[in-house]
Protein chains: 2
Amino acid sequence: MSQNGAGVDLETSLGYLLKEASSALRAAMEEVLRPLGMSVTHYSCLELLAQRPGLSNSELARGAFVTRQSMNVLLQALERDGYVTRPAKAPVGKALPTRLTPSGRRSLGAATAAVRSVEVRMLAGMTETEQAGAFRILRSMIRSLNDGDGNA
Amino acid sequence: MSQNGAGVDLETSLGYLLKEASSALRAAMEEVLRPLGMSVTHYSCLELLAQRPGLSNSELARGAFVTRQSMNVLLQALERDGYVTRPAKAPVGKALPTRLTPSGRRSLGAATAAVRSVEVRMLAGMTETEQAGAFRILRSMIRSLNDGDGNA
DNA sequence: GACGTTATGTCAGAATACTGACATGAGTCA
DNA sequence: TGACTCATGTCAGTATTCTGACATAACGTC
C-alpha cells in the first residue's frame with residue numbers, strides 16, 4: 001500500500017484520518033440514537049437548546065453544522081411533534097427564540113446518556129494529557145481552516 | 001455559556017470538536033473543489049482510484065465513507081462521463097475492478113493540488129510533533145469507536 | 001429620513017445519501 | 001453434492017441536505 005507519493009497519500013493524511021474519525025463517531029452515534037428514533041442532527045438540536053435556551057433557527061443551524069434551511073425543516077417537525085416551541089412573532093428582529101418543551105427535555109434525557117456513553121468509549125485508553133492535546137490540536141485545525149475562509 | 005453540567009457540554013466535548021473540525025475541513029474542500037465542478041465524494045473516489053487502482057465499488061464506498069449504493073450512483077456517472085472504466089464482466093466473483101482513464105487522471109490533477117493546499121492550511125502552525133500526536137490520537141479514537149461496533 | 005449592508009425566516013426545487021430488497025458468485029462445512 | 005454464510009452489484013423508494021431566491025428587520029452611514 002502507498003506505493004506512490006504523488007497524491008495526498010491517504011495512509012498518512014491527517015485530513016483523511018479526521019474524516020474517518022468523524023465518520024466513525026457519527027456511525028456510533030447513529031447506532032445508539034436509532035433505537036430512540038432520533039438522528040444525529042435531531043439530537044444536536046435538542047442538546048443545543050438544552051444548553052443554550054432561546055437559540056434562533058440560524059444559530060441552531062450553525063451549532064449543528066447544517067444550513068439554516070435544513071434546520072428549519074427539522075424545527076418545523078420538532079414543533080409539530082411538541083418537542084420545541086417558538087413564538088408566533090419575533091420579539092426583536094426576525095429571529096424566533098426556540099425553547100424545549102417538557103416533552104422535548106424528556107426525549108433528550110435518554111439520548112444524552114446514550115451519546116455520552118459513545119464519547120466515553122471514544123476516549124477510552126486516552127490519558128487526560130492526551131485528551132487535552134487532542135482538544136488543542138483540533139482547535140488549531142479549526143482555526144486555521146476558518147481563517148482563510150472567504151476573505152484573505 | 002455552559003451554565004449547567006447536565007449535558008455533554010458542547011464547549012468541552014471532544015466529540016463536538018471533532019465534528020466541528022471535520023465540518024470545517026469539508027467546507028474548505030467543497031470551496032476549492034466547486035470551481036472544478038467536483039464534490040468531496042467525487043474527489044475521494046478519484047483519489048482512491050489513483051492510489052489503489054482496481055478497487056471495487058464496495059471498496060471505494062468504504063474508503064469514501066458512504067454506502068455502496070451511493071458510490072454506485074457516482075461511479076455510473078463517472079463511467080458515463082469517461083473518467084473511469086469498469087469491465088462488463090467480473091474477472092472473479094461479482095466485484096468489478098475500477099480504473100481511472102487518462103481523462104480521469106487529468107481531472108484529478110487540479111483537484112489534488114487544491115485539496116493539498118487545504119490540508120497544508122489546516123496544518124499551519126502545527127509542529128511535526130503535534131502532527132504526529134494528532135495522528136496517534138485520531139487513530140486511537142477510531143479504534144475505540146470501531147471496537148464496540150456491532151459485537152460486544 | 002434615505003440608503004446599503006447584513007442577518008434572518010421561509011418557500012421551492014435539485015442534488016445527494018440513505019434504507020430496504022433482490023439476485024448472483026465465492027467460500028465453508030457436513 | 002447440497003446447504004449455509006458472506007460479500008458484491010444493482011434497482012427502487014425514501015429521507016435528508018443542499019442551493020437559489022425572496023421578503024423582512026436591524027444596524028450603520030450619509
Side-chain angles (χ1 to χ4, degrees), chain A residues 19 22-23 26-31 33-35 37-45 48 54-81 84-99 149-151, chain B residues 19 22-23 26-31 33-46 48 54-81 84-99 149-151:
Chain A
K19 187 174 178 181
S22 177
S23 174
R26 167 168 281 263
M29 286 179 66
E30 276 170 351
E31 189 178 359
L33 288 176
R34 180 183 308 276
M38 208 178 287
S39 74
V40 173
T41 307
H42 187 135
Y43 159 75
S44 300
C45 177
L48 279 163
L55 248 47
S56 72
N57 173 44
S58 289
E59 290 169 325
L60 286 168
R62 281 192 291 268
F65 311 110
V66 297
T67 62
R68 66 184 194 275
Q69 291 91 332
S70 297
M71 182 53 73
N72 197 28
V73 173
L74 174 60
L75 270 188
Q76 284 175 355
L78 291 178
E79 195 171 12
R80 167 174 50 77
D81 297 343
V84 306
T85 52
R86 284 193 288 181
K89 205 159 174 31
V92 59
K94 292 192 68 178
L96 300 174
T98 311
R99 293 185 177 278
D149 212 11
N151 42 3
Chain B
K19 187 173 176 181
S22 176
S23 174
R26 167 168 280 263
M29 287 179 65
E30 276 171 352
E31 189 178 0
L33 288 175
R34 179 182 309 276
L36 283 61
M38 207 178 288
S39 73
V40 173
T41 307
H42 187 135
Y43 158 75
S44 300
C45 177
L46 262 46
L48 279 163
L55 249 45
S56 72
N57 174 44
S58 289
E59 290 169 326
L60 286 168
R62 281 192 291 269
F65 311 109
V66 296
T67 62
R68 66 185 194 274
Q69 291 91 332
S70 297
M71 182 54 74
N72 196 29
V73 172
L74 174 60
L75 269 188
Q76 284 175 356
L78 290 178
E79 196 172 12
R80 168 175 48 79
D81 297 343
V84 305
T85 52
R86 283 193 289 182
K89 206 159 172 33
V92 57
K94 293 194 67 179
L96 300 173
T98 311
R99 294 187 177 277
D149 212 11
N151 42 3

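Hydrogens, waters and symmetry mates play no part in the numbers below; they use all other heavy atoms, side chains included. Throughout, protein chains are lettered first and strands after them, A, B, ... in sequence-line order, and every chain is numbered starting at 1. Every value quoted in this text rests on a predicted model; they were computed, and no experiment measured them.
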(request) Report yes if a side-chain nitrogen or oxygen of A/Ser58 is closer than 4.0 Å to either non-bridging phosphate oxygen (OP1 or OP2) of C/dG9; otherwise report no. (result) yes
(request) Would you mind reading off the distance between A/Asn57 atom CG and C/dT10 atom P, rounded to a whole angstrom? (result) 7 Å
(message) Does any part of the side chain of B/Ser70, heavy atoms only, come nearer than 4.5 Å to the side chain of B/Thr41, both counted from C-beta?
(response) no
(request) Considering just the side-chain nitrogens and oxygens of B/Ser39, establish if one lies under 4.0 Å of OP1 or OP2 belonging to C/dA15. (result) no
(request) Check every atom of C/dT19, C/dC22, C/dT8 against the side chain of A/Arg34 and return the nucleotide holding the closest atom. (result) C/dT19
(message) Given the structure, check if the side chain of A/Gln69 and the base of D/dG20 hold any donor-acceptor pair shorter than 3.5 Å.
(response) yes
(request) Starting at atom NZ of A/Lys89, determine the distance to atom P of C/dT8, rounded to an integer number of angstrom. (result) 18 Å
(request) Specify the separation, in whole Å, of atom NZ of B/Lys94 and atom P of C/dG27. (result) 15 Å
(message) Measuring to OP1 and OP2 of C/dT10, would you say a side-chain N or O of A/Asn72 lies under 4.0 angstrom away?
(response) yes
(message) As an exercise, state the distance from CG of B/Leu60 to CG of B/Asn72, rounded to the nearest 0.5 Å.
(response) 10.5 Å
(request) Look at the side-chain N and O atoms of B/Arg68 and state whether any lies under 4.0 Å from the OP1 or OP2 oxygen of C/dA21. (result) no
(message) Without decimals, in angstroms, what is the distance between B/Met71 CE and C/dT16 C1'?
(response) 12 Å
(request) Take the protein atom CG of B/Leu75 and the nucleotide atom P of D/dG9, then report the distance between them rounded to whole Å. (result) 9 Å
(request) Please report the C-alpha distance between B/Arg26 and A/Lys19 in whole Å, then the side-chain angles of each, then the deciding distance to 0.1 Å, and finally whether the side-chain contact (heavy atoms from CB on, under 4.5 Å) criterion is met. (result) CA-CA 8 Å; B/Arg26 167 168 280 263; A/Lys19 187 174 178 181; 4.1 Å; yes
(request) Respond yes when some side-chain nitrogen or oxygen of A/Arg86 is under 4.0 Å from OP1 or OP2 of C/dT10, and no when none is. (result) yes
(request) Answer yes or no: does a side-chain N or O of A/Thr41 lie under 4.0 Å from OP1 or OP2 of D/dT17? (result) yes
(message) Please tell me if B/Thr67 has a side-chain N or O lying less than 4.0 Å from either OP1 or OP2 of C/dC18.
(response) yes
(message) Classify B/Leu74 by what it touches in the nucleic acid, base, sugar-phosphate, or nothing, heavy-atom distance under 4.0 Å.
(response) nothing
(request) Calculate the interatomic distance between B/Leu55 atom CG and D/dG9 atom C1'; express it in whole Å. (result) 15 Å
(request) Hey, could you give me the CZ/CG distance between A/Arg80 and A/Leu75, rounded to the nearest 0.5 Å? (result) 12.0 Å
(request) Could you walk me through whether A/Leu33 and A/His42 pass the side-chain contact (heavy atoms from CB on, under 4.5 Å) test, one step at a time? (result) CA-CA 10 Å; A/Leu33 288 176; A/His42 187 135; over 6 Å; no
(message) How many whole angstroms separate atom CG of B/Leu60 from atom C1' of D/dA7?
(response) 15 Å
(request) Send over the distance from B/Gln76 CD to D/dG9 P, rounded to a whole Å. (result) 12 Å
(message) For B/Arg62 and A/Val92, find the nucleotide of DNA chain D closest to each by heavy atoms; which residue's nucleotide sits nearer the 5' end?
(response) B/Arg62
